[in-house]
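This report refers to the structure that appears directly beneath it.
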Amino acid sequence: MGNGFHVRKGVALASLVAAVGAIVVIIALSVRLAQEKSRNAGTLSINVKPTFSAPEEPWDHYRLPNTLSPISYNVTLWPRLEPDANGLYQFSGNCTVVFKCTRETDLILIHSKELNLTLLDGFHARLTGLNGPAPRLKKTWEEIQTEYLVVQLDGPLQANSSYELFTEFVGKLSPNQKGFFRSVYIEDGEEKVIATTQMQPTYARKAFPCFDEPALKAVFHVTLIHPQNTTALSNSMASGKSVIIVDGQDLVRTSFEPTKIMSTYLLAFAVCDFGHIRTEAGASVLIRVWARRKAIQRGMGNYALEKARPILPFYEKYFNTSYPLKKSDQIAIPGFGPSAMENWGLITYGESVFLHDLEKSFNEDKETVVYMISHELAHMWFGNLVTLRWWNDLWLNEGFASYISSLGSDHAEPTWNLNDLSVPEEILEAMVEDAFFVSHPLSVKEAEVRTPQEILSLFDGITYSKVNLMLLNEFQYKNTVPKDLWKHLQMAVDEAGISLPRPVEEIMNRWVLQMGFPLITINTQTGNVTQKHFLSNPKHVVDRTSEFNYTWFVPITWMKNGKEEQKYWLLSKEDMALGPSDWLVANINLTGFFRVNYDAENWERIFNKLNSRHESKVIFLSSLEMVNMTVALRTTSYLDKEVEYMPWRRADSHLENFFHILRPRGIYGPLEKVTPLFHHHRELTLNWTKSPTRHSDLYNQMTVIKLACKLEVKDCSQLTLTWFREWMKNSTTNKIRPSLRDAVYCSAMAAGGVEEWDFMWSIYRKNDTSDPDNLIYALSCTRQPWLINRYLEYCLDPEKVSEKDVISAITYMAYNPVGQPLLWDFVRTNWEVLNFSCLFALQLLQFKEELKKQLSSVDGTFEEALKTVEDNMKWIERYKKEVHGWLISETSEEK
């Protein structure tokens, strides 16, 4: 694709403007992936504020002192894949770390967590000098709070001298997916156990004592001891195997070649009895896909191998930097919580999202696979070869990888145009999150990110762009900070002779060091352009201060009367720049991370243009929150002429709240315009007998069926009921596309009766799916009051509805207009029983906690969650007449 930045096809931006344009994707994925990560790890507070006094002793600090630097580790581990006499799964091992003393000290701090360290001559470790004698050990202990093994010495370590620290230990091979853990699966009726790892961000210390910070890179020599019928894998190729006898057991010792110099969080190993497929012999890089033997035999890893094969050389060419390892293993882990982890040379994936039967899978399944592979392989350069210095700048890792992965996905599946679909979607979804008054900047101060919990709270995958080559050449096998990026961007800008209004660093700092984004308001009558911090609720007060006073240097693309004009930089809160025009649209193709509003006259001209000649879908992508409600709703007037995905996707997203408010009144207004789109897709798919050929049409089919069925369009209800009843005839074969199941299941429940509901209930009770959420949702969609009441009664019985599903079930019923009064009456009638039910009391507390997490401000108080509800009620009171009146007039005009 050539050098320079790339946002999507057909939008070629000059080097600097592209750099700033790429900030759009950076911020977008920072917010979106923060949200996704928080769902995996538990919702965590993003706004980190130190509240404790300064530590008094070195071991009270969560950050290591800059006195020691690791050179290499020699790690030997023996995982037990069967429980001991006490029913415990364990691993044992030893570690020798060679380190250099960079500043004289009489203290060694090394991370260690939940390891039972063996006493050696009365101490938890043994120290040896490599350039002379080492000082004697004085005292050792484990500091639980800060996760250190503390070694006090009788004398100082000498600067520029090297030493060797040896430890022996036993650890738990727990199922919690942190450090060295076990995963269990069933194959041919037999329970099998594998041992594998998840070291990011701070879990390597649970596998062996180590200097567990990303800047402290080293070379790792790994040896694994394992049963004879298993395979051992690690980051590097196996260098030797030998049969050994330990405690009467015949075992295999597998040693691996030394790794490249890398961070502890990228180390990985696995012991399993998996099968694999691989690239052909003679390939420059060996690529293998590992999974359960039955899955490999069924060809469920074939697509992953097929797409990893071209993506890796594409990145090598794109970065002009060779992949530095001999092999790249991709391994599917049963029950793995994180979707994937970029361990260098041994990438781990969740089996449920990575493996697919090509004969039964759909494009949506394949899209997930190709995106994950693209993202994780991009990390081999950004994150692994060049690594962030500390976790406060995690976006330097995730940002480049997430952005570049869109290019890799497009290369692997060029006809799908994945970049065209994913980039604007991520941007617009991110804007929703980043408009909240307790959002956070991309980069925070190192002092705000110290503890493991604080590190987890800042996990934002973010997207960035190019100038990759210079960064890779200078910082490979090293660590980097944002200043390095700005420096090389500036070098590229200077070399290209591009004129900027400010230095690159000064421009970029306003986008990464303060949260949120601007609302740009353009008055076409005067040419006046202004900016202010956009908030979804302008009445909320932002507590986090900004040295830039929440102003940005904004590159604005715009067109006048359909002709694109010269890009313009807004450098202050207000400027007189753009002359009066007939009609004007800014932020073309969504190349800037900001909202746009116009004067009333320009909005009127835009509406006329949309309705008279359907030209620009970008116009519809303007936010519905910053204009008066009638103007916002009028942006939907042309939708009955629209058949493209993105405008309808945004209509669906923006009008969701309107739907919930107005649905009980039977007024749907602009969403009723989905009927022509439904008929369009019926023709496109030959009466729903074939899949759309364009990838965007596949997405749009999801939207149209969701909306048409929600609005109870008769043809849609009949269609989904037909599909559902075909499944009922053969419950083992579900031909409904995964992406359509939420909509189809819900519609079938609403249009059907007790027979359909009982079938769905039987599917839920079988518990043969790892994600029952769409089943729980579907059961709540029935329009039969007595079935709602039955479902409510079932929710009180943990034998019928599992405790983890109860809150979801009740929440979904609250969205059903039939269920709302029944739910309220049920709670009031049964309050004493519910209040004294330990199960339900616990669930109420869980529900309260969920509200705290999702709606509260920084301190997480429940009262502020209620304030958000109160704000919503005020919004309804303020706008209900205006919205109701417009919708009535719109409906009347159509009639």
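Note: hydrogens, waters and symmetry copies are ignored here, and every other heavy atom, side chains too, is used. Index from 1, following the sequence.
- When all heavy atoms are compared, the tightest approach of Leu584 to Ile522 is CD2-CD1, 3.9 Å.
- Checked against side-chain contact (heavy atoms from CB on, under 4.5 Å), Arg694 has the following partners two or more places apart in sequence or in another chain: Glu644, Ser696, Asp697.
- Side-chain rings of Phe594 and Phe517 stay apart, their centers remaining 6.0 Å or farther from each other.
- Within the 3.5 Å criterion, the main-chain N or O of Ile556 finds no donor-acceptor partner in the side chain of Trp569.
- Shown here are the side-chain hydrogen bond (donor to acceptor under 3.5 Å, both in side chains) partners of Thr703, two or more places apart in sequence or in another chain: there are none.
- Shown here for Ala586 and Tyr598, the closest heavy-atom pair between the two residues is N-OH, 2.9 Å.
- Here the side chains of Lys706 and Lys710 are in contact, with some heavy-atom distance below 4.5 Å.
- With sequence neighbours excluded, the residues forming a ring pair (Phe, Tyr, Trp, His ring centres under 6.0 Å) with Tyr699 are Tyr645, His695, listed by chain and number.
- Here the side chains of Trp552 and His533 are in contact, with some heavy-atom distance below 4.5 Å.
- Contacts of Lys532 classified as side-chain contact (heavy atoms from CB on, under 4.5 Å), with partners at least two apart in sequence or in another chain: Leu519.
- Nearest heavy atoms, Ser405 versus Ala378: N-CB, 4.5 Å.
- Judged by distance alone, with hydrogens and angles left aside, the side-chain atoms of Asn700 form a donor-acceptor pair with the main-chain N or O of Val643 at under 3.5 Å.
- Looking only at atom types and distance, the side chain of Asp410 has no donor-acceptor partner in the side chain of Trp416 under 3.5 Å away.
- Between the Trp558 side chain and the Gln566 main chain, a donor and an acceptor come within less than 3.5 Å of each other.
- Listed by chain and residue number, Asp494 satisfy the side-chain hydrogen bond (donor to acceptor under 3.5 Å, both in side chains) test with Gln490 (two or more places apart in sequence, or in another chain).
- For Glu564, the side-chain hydrogen bond (donor to acceptor under 3.5 Å, both in side chains) criterion is met by no residue, not counting sequence neighbours.
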Step by step, would you call Tyr568 with Thr557 a side-chain contact (heavy atoms from CB on, under 4.5 Å)? CA-CA 7 Å; Tyr568 159 69; Thr557 57; over 6 Å; no
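- Closest of all the heavy-atom pairs between Ala743 and Ile705 is CB-CG2, 4.2 Å.
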Stepwise, does the side-chain contact (heavy atoms from CB on, under 4.5 Å) test hold for Arg544 with Tyr550? CA-CA 10 Å; Arg544 183 185 284 270; Tyr550 289 106; 4.0 Å; yes
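- Under the salt bridge (Lys or Arg N to Asp or Glu O under 4.0 Å) criterion, Glu506 pairs with Arg502, sequence neighbours left out.
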Before you tell me yes or no, could you show the steps for Arg510 and Thr551 under side-chain contact (heavy atoms from CB on, under 4.5 Å), namely the whole-Å CA-CA distance, both residues' side-chain angles and the distance that decides it to 0.1 Å? CA-CA 7 Å; Arg510 291 178 178 245; Thr551 60; 2.7 Å; yes
With side-chain contact (heavy atoms from CB on, under 4.5 Å) as the criterion, how do Ile520 and Val554 come out once you've worked through the C-alpha distance, each side chain's angles and the decisive distance to 0.1 Å? CA-CA 9 Å; Ile520 304 300; Val554 188; 4.2 Å; yes
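- For Ala708, the side-chain contact (heavy atoms from CB on, under 4.5 Å) partners at least two apart in sequence or on another chain are Val674, Phe678, Val713, Cys716.
- Counted by atom type alone, Asp599 and Thr524 present one or more donor-acceptor pairs between their side chains at under 3.5 Å.
- Heavy atoms only, all atoms of each residue included: Trp603 and Asn597 are closest at NE1-OD1, 2.8 Å.
- For the residue pair Asn509 and Phe548, the shortest heavy atom distance occurs at O-CE1, 3.7 Å.
- When the side-chain hydrogen bond (donor to acceptor under 3.5 Å, both in side chains) test is applied to Ser546, the partners found at least two apart in sequence or on another chain are Gln514.
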